[in-house]
Novice: 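Can you read through this structure? Questions will come right after.
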Amino acid sequence: MTTARVFDLQRFSVHDGPGIRTTVFLKGCPLRCRWCQNPEGLDRSISLWHFENLCGRSGRCQEVCPTSAITLTPTGVDINHAACTQCGDCVDACPRNALALDGRDVTTEEVIEEVGRDEIFHEVSGGGVTFSGGEPLAQAAFVLETAAAAKAQGVPTTLESSFHAPWASIEPLLDVIDLFIVDVKVADPEAHRVATGVTNGLILENLGRLAAALRGTGRILVRVPLVPRYTATTDNLAAIAALVSAIDPALPVELVNFNPLASAKYRRMGQDYEFAHDTTAFSPAEMATYRSLVAAHGLTVR
């Protein structure tokens with residue numbers, strides 16, 4: 001039985017594939033997108049989170065911490081993450097659930113059991129299980145085993161990935177993943193490196209191989225996150241549309257509006273966030289303009 005490290009098993013998800021999904025968010029990612037919505041999924045290691053709005057300042061966390069990594073100060077709770085061993089003593093001791101670990105290890109059996117709880121919702125809505133992240137292909141063996149187990153029980157499967165991974169990690173999934181959601185963020189290789197930490201050559205190569213292997217099946221969705229100053233530009237969207245059209249003009253493209261809510265996660269993790277002052281999503285008029293840009297290349301746009 002394979003074990004993976006996840007930061008969430010989210011039930012009743014409606015944004016990670018068709019219908020109502022049970023989404024498995026796996027930890028670890030080779031990209032460092034400046035706008036990452038799930039920063040807790042970037043690192044494979046587990047960290048301690050503090051929720052200021054729940055904190056009652058009881059001091060129990062400081063009392064039980066075996067490494068003195070937690071200090072109650074006049075302005076709040078200070079966590080020395082370098083000293084924290086993620087033992088969980090403070091989480092158990094907190095009377096108001098203001099502390100939490102951002103990950104845990106699960107087995108395929110545990111995930112399938114969780115997915116089974118939503119069976120009726122999957123059936124009624126046409127949903128299923130989605131593997132996301134982080135980067136699920138960073139734990140590809142677990143995805144393969146768990147997706148196979150889900151399909152054996154008749155549960156539809158979806159993979160949402162950057163596809164910055166060896167093809168050898170992707171090819172075995174062709175038989176067990178029903179829908180591949182491929183994130184395509186920036187068309188220009190150097191601009192992609194600036195925005196995500198890596199160039200896009202491997203991603204586009206994998207998209208091409210995937211499109212060739214699954215041509216005509218309707219099992220691929222290209223997803224473009226709309227991010228101020230990086231992806232949501234006329235030049236970038238037109239270039240992405242041209243790239244996708246050249247690979248396979250039948251591939252549908254989904255434009256995902258900017259989500260300003262990630263700022264709270266960065267505050268809890270004690271990290272700076274470049275988009276802290278970008279507090280609104282794009283307007284319906286702006287979304288219509290972006291849609292028209294992509295559709296002008298003959299692509300179906302959601």
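Owing to the predicted nature of the structure, the values given are computational and were not obtained by experimental measurement. Numbering of residues begins at 1 and proceeds along the displayed sequence.
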Novice: At their closest point, which heavy atom of His192 faces which heavy atom of Thr199, and how far apart are they?
Specialist: ND1-C, 3.6 Å
Novice: Search all heavy atoms of Leu101 against all heavy atoms of Gly88 and return the closest pair with its distance.
Specialist: CD1-CA, 4.3 Å
Novice: Quick check: do Leu179 and Pro18 have side-chain heavy atoms less than 4.5 Å from each other?
Specialist: yes
Novice: For Leu54, is there any backbone N or O sitting under 3.5 Å from a side-chain donor or acceptor partner on Arg96?
Specialist: yes
Novice: Kindly indicate whether the side chain of Asn236, heavy atoms from C-beta on, has any atom under 4.5 Å from the side chain of Val186.
Specialist: yes
Novice: Restricting to non-hydrogen atoms, name the atom on Ala93 and the atom on Arg60 that form the minimum distance, rounded to 0.1 Å.
Specialist: O-CB, 4.0 Å
Novice: Please check this pair: side chain of Thr217 against backbone of Leu214, looking for a donor-acceptor N/O pair closer than 3.5 Å.
Specialist: yes
Novice: Less than 4.5 Å apart, side chain to side chain, heavy atoms only: is that true for Val111 and Leu9?
Specialist: yes
Novice: Compare all side-chain heavy atoms of Phe180 with those of Arg219 and state whether any distance is below 4.5 angstrom.
Specialist: yes
Novice: Is there a donor-acceptor contact under 3.5 Å from the side chain of Gln139 to the main chain of Lys27?
Specialist: yes
Novice: Mind checking whether Ile20 and Asp118 have side chains closer than 4.5 Å, heavy atoms only?
Specialist: no
Novice: I'd like to know if the side chain of Glu135 pairs up with that of Ser161 as donor and acceptor (distance under 3.5 Å, no hydrogens or angles considered).
Specialist: yes
Novice: Is there a donor-acceptor contact under 3.5 Å from the side chain of Gln86 to the main chain of Cys84?
Specialist: yes
Novice: So which heavy atom on Ser132 is nearest to which on Glu160, and how close?
Specialist: OG-OE1, 3.3 Å
Novice: Ion pair present between Lys151 and Asp175, side-chain N to carboxylate O less than 4.0 angstrom?
Specialist: no
Novice: Can you find a heavy atom in the side chain of Glu286 that is under 4.5 Å from one in the side chain of Phe258?
Specialist: no
Novice: Could you tell me whether Glu52 atom CD has more than 12 heavy atoms of other residues or ligands within 6.0 Å of it?
Specialist: no
Novice: Sort out for me which residue in Leu26, Thr146, Leu173 forms a side chain to side chain contact (heavy atoms under 4.5 Å, CB included) with Pro136.
Specialist: Leu26
Novice: Yes or no on side-chain hydrogen bond (donor to acceptor under 3.5 Å, both in side chains) for Thr22 and His122, after CA distance, side-chain angles and deciding distance?
Specialist: CA-CA 9 Å; Thr22 305; His122 297 158; 3.0 Å; yes
Novice: I would like to know whether Asp43 and Ser45 meet side-chain hydrogen bond (donor to acceptor under 3.5 Å, both in side chains); could you show each step before the answer?
Specialist: CA-CA 5 Å; Asp43 200 308; Ser45 64; 2.8 Å; yes
Novice: For Thr2, does its backbone N or O pair with a side-chain atom of Glu145 as donor and acceptor, under 3.5 Å?
Specialist: yes
Novice: Measuring from Asp278:CG to Asn259:CG, what's the distance to the nearest 0.5 Å?
Specialist: 12.0 Å
Novice: To the nearest 0.5 Å, what is the distance between CD on Glu114 and CD on Glu110?
Specialist: 9.5 Å
Novice: Are any non-hydrogen side-chain atoms of Arg291 and Met287 less than 4.5 angstrom apart?
Specialist: no
Novice: With no hydrogens and no angle check, is any side-chain donor or acceptor of Thr233 less than 3.5 Å from a backbone partner on Arg229?
Specialist: no
Novice: Does the pair Asn38 and Lys265 meet the rule for a side-chain hydrogen bond (donor to acceptor under 3.5 Å, both in side chains), with working shown?
Specialist: CA-CA 8 Å; Asn38 295 317; Lys265 290 186 176 182; 2.8 Å; yes
Novice: Look only at the side chain of Arg193 and the backbone of Asp188, and say whether a donor-acceptor pair between them is shorter than 3.5 Å.
Specialist: no
Novice: Picking from Leu99, Ile79, Asp102, what satisfies side chain to side chain contact (heavy atoms under 4.5 Å, CB included) with Trp49?
Specialist: Asp102
Novice: Would you check, one step at a time, whether the test side-chain hydrogen bond (donor to acceptor under 3.5 Å, both in side chains) holds for Asp16 with Thr23?
Specialist: CA-CA 7 Å; Asp16 301 306; Thr23 303; 3.1 Å; yes
Novice: Hey, can you tell me if Trp35 and Tyr230 have their rings parallel, tilted or perpendicular (30° and 60° cut-offs)?
Specialist: tilted
Novice: Which pair of heavy atoms, one from Leu204 and one from Leu243, lies closest together, and at what distance?
Specialist: CD1-CD1, 4.0 Å
Novice: Does the plane of the ring in Phe142 sit parallel, tilted or perpendicular to the ring in Phe131? Use 30° and 60° as the thresholds.
Specialist: perpendicular
Novice: Hey, could you give me the OG/CG distance between Ser292 and Leu237, rounded to the nearest 0.5 Å?
Specialist: 11.0 Å
Novice: Go through Trp167 and Asn206 one step at a time and tell me if the side chain to side chain contact (heavy atoms under 4.5 Å, CB included) criterion holds.
Specialist: CA-CA 7 Å; Trp167 178 250; Asn206 284 331; 3.6 Å; yes
Novice: Taking Thr196 for the side chain and Leu31 for the main chain, is one N or O donor matched with an acceptor at less than 3.5 Å?
Specialist: no
Novice: Do Val227 and Leu261 share a hydrophobic cluster (ILVMFWY, side-chain heavy atoms under 4.5 Å, transitive)?
Specialist: no
Novice: Is Asp183 close to Phe163 at the side-chain level, that is, under 4.5 Å between some pair of heavy atoms?
Specialist: no
Novice: Is the backbone of Val129 close enough, under 3.5 Å, to the side chain of Arg21 for a donor and an acceptor to pair up by distance?
Specialist: yes
Novice: Using the rule given for side chain to side chain contact (heavy atoms under 4.5 Å, CB included), can you reason through Cys36 versus Tyr266, listing the C-alpha separation, both sets of side-chain angles and the distance that settles it, and then say yes or no?
Specialist: CA-CA 10 Å; Cys36 182; Tyr266 286 87; 3.5 Å; yes
